[in-house]
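What follows is one structure encoded as structure tokens, with my remarks underneath.
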There are 2 protein chains.
Amino acid sequence: MSQNIAETDLFADHRITAMGLFTEAFTGVSAKLANQIVGHKLVMAEFEVLLRLSRSPGGRLRMSDLAAQTSLTTSGITRLIDRLERGGLVERTACPSDRRGLFAQITDLGRARLTDVLPEHLGLIDTWLIDLLEPAELEGFLGALRKIRDAVRPGAAAGTAEPVEDHHAK
Amino acid sequence: MSQNIAETDLFADHRITAMGLFTEAFTGVSAKLANQIVGHKLVMAEFEVLLRLSRSPGGRLRMSDLAAQTSLTTSGITRLIDRLERGGLVERTACPSDRRGLFAQITDLGRARLTDVLPEHLGLIDTWLIDLLEPAELEGFLGALRKIRDAVRPGAAAGTAEPVEDHHAK
DNA sequence: CAAGAGTACTTGACGAGTCAACGACCTGCG
DNA sequence: CGCAGGTCGTTGACTCGTCAAGTACTCTTG
């Protein structure tokens, strides 16, 4: 029953395997973390936004800056901030220098929520990522990730991401 | 680079940075690949399903096996196969030994679509992953990924390598 | 051999994101 | 000045996924 050997080999290329491994490892860790976040009535993207706000001067960022720093569109950020605002974790405040613009501002409740979530979250990162690797191995791993990140997301090192823009043949 | 870690640095922990790097690298590569797939009127999950079907004996798998091998629920698989079937890339066929069950069977059109997509896809994996790393570095990287994958997804090793023909287990 | 329990898939309702098309505002230039 | 053309954020319509419940079948067991 087995023929089409050449074709079959194309479908089982080692590059597919490598990418599959990358995917399984990342989505596996990611699922562990997401699972904890969900237990605190947040989704990953919301947690990430709260974290970025908490680290920004004044605890606030422009909607469009949030969109640039995450992998969401501005419309996605609008809806995400809607949800967080409904929950009292952020509020929208006017931007004095540009009346089109809005700040998303983390509230005390938002910071408190982060403080609830973070310690356990860091522990999970240790358990499912850091502690699995020898120190030297971890260094090599992070170095490889940095090379890849710099290649695929030029200018993202300081936190400014840009939507991938490549469109191919149609 | 570890300095005095005050409590407010909780929000800027090195573990957050490491996980952020993992996320940016993976989502970056993933976006490059997804972008190509979308150019061929598929989404990533559909491409993955076609690939798994093409490598399985008879070009078919049970719906529930597909769900187990991907990160979708059985209900997600139902709707994904609906779309592929509507496009003529797979068909549902009865399972003779269990009348509840269905096979998703890749069609010739489905295989042709894969053959269209794959060569360029493999090239992109080279460009945005493999070729970025020195051979030894790549080995270390894959080794680390394997450790992580084995920790977070016990029993998923068969993922992208060998077809698993094992229904009616337990 | 008939329940009862469990499995395989589908469906309805909904959540979370995208894109395209706004209205509101800002800026540069004739 | 005045307005053409960009940017900021929101909204409507849609896609792709989840969960919970439902239907149809299979397995176990007294």
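From a predicted model like this one, the values you see are computed outputs, not experimental measurements.
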In whole angstroms, how far is the [atom2] atom of [N] from the [atom1] atom of [X]?
{"X": "A:L102", "N": "D:dT7", "atom1": "CG", "atom2": "P", "value": "18 Å"}
{"X": "B:L84", "N": "D:dC16", "atom1": "CG", "atom2": "C1'", "value": "13 Å"}
{"X": "A:L42", "N": "C:dG15", "atom1": "CG", "atom2": "C1'", "value": "15 Å"}
{"X": "B:L72", "N": "D:dC19", "atom1": "CG", "atom2": "P", "value": "11 Å"}
{"X": "A:R99", "N": "C:dG23", "atom1": "CZ", "atom2": "P", "value": "18 Å"}

May I ask you to say what [X] touches in the nucleic acid, namely base, sugar-phosphate or nothing, with a heavy-atom cut-off under 4.0 Å?
{"X": "B:I77", "result": "nothing"}
{"X": "B:D98", "result": "sugar-phosphate"}
{"X": "B:S71", "result": "sugar-phosphate"}
{"X": "A:S75", "result": "base"}
{"X": "A:T74", "result": "base"}

Review point. Is any side-chain nitrogen or oxygen of A:S64 closer than 4.0 Å to OP1 or OP2 of D:dG9?
Key: yes
Check your understanding: When you check the phosphate oxygens OP1 and OP2 of C:dG15, does a side-chain N or O of A:R83 lie under 4.0 Å from one of them?
Key -> no
Practice item. Check whether any side-chain heavy atom of B:I148 sits under 4.5 Å from a side-chain heavy atom of A:F141, and report yes or no. Key: yes
Practice item. Please check if the distance between the ring centroids of A:F47 and A:H40 is under 6.0 Å. Key: no
Revision key, fill the gap. Among the nucleotides D:dC19, D:dT10, C:dT18, whichever has the atom closest to the side chain of B:R79 is D:dC19
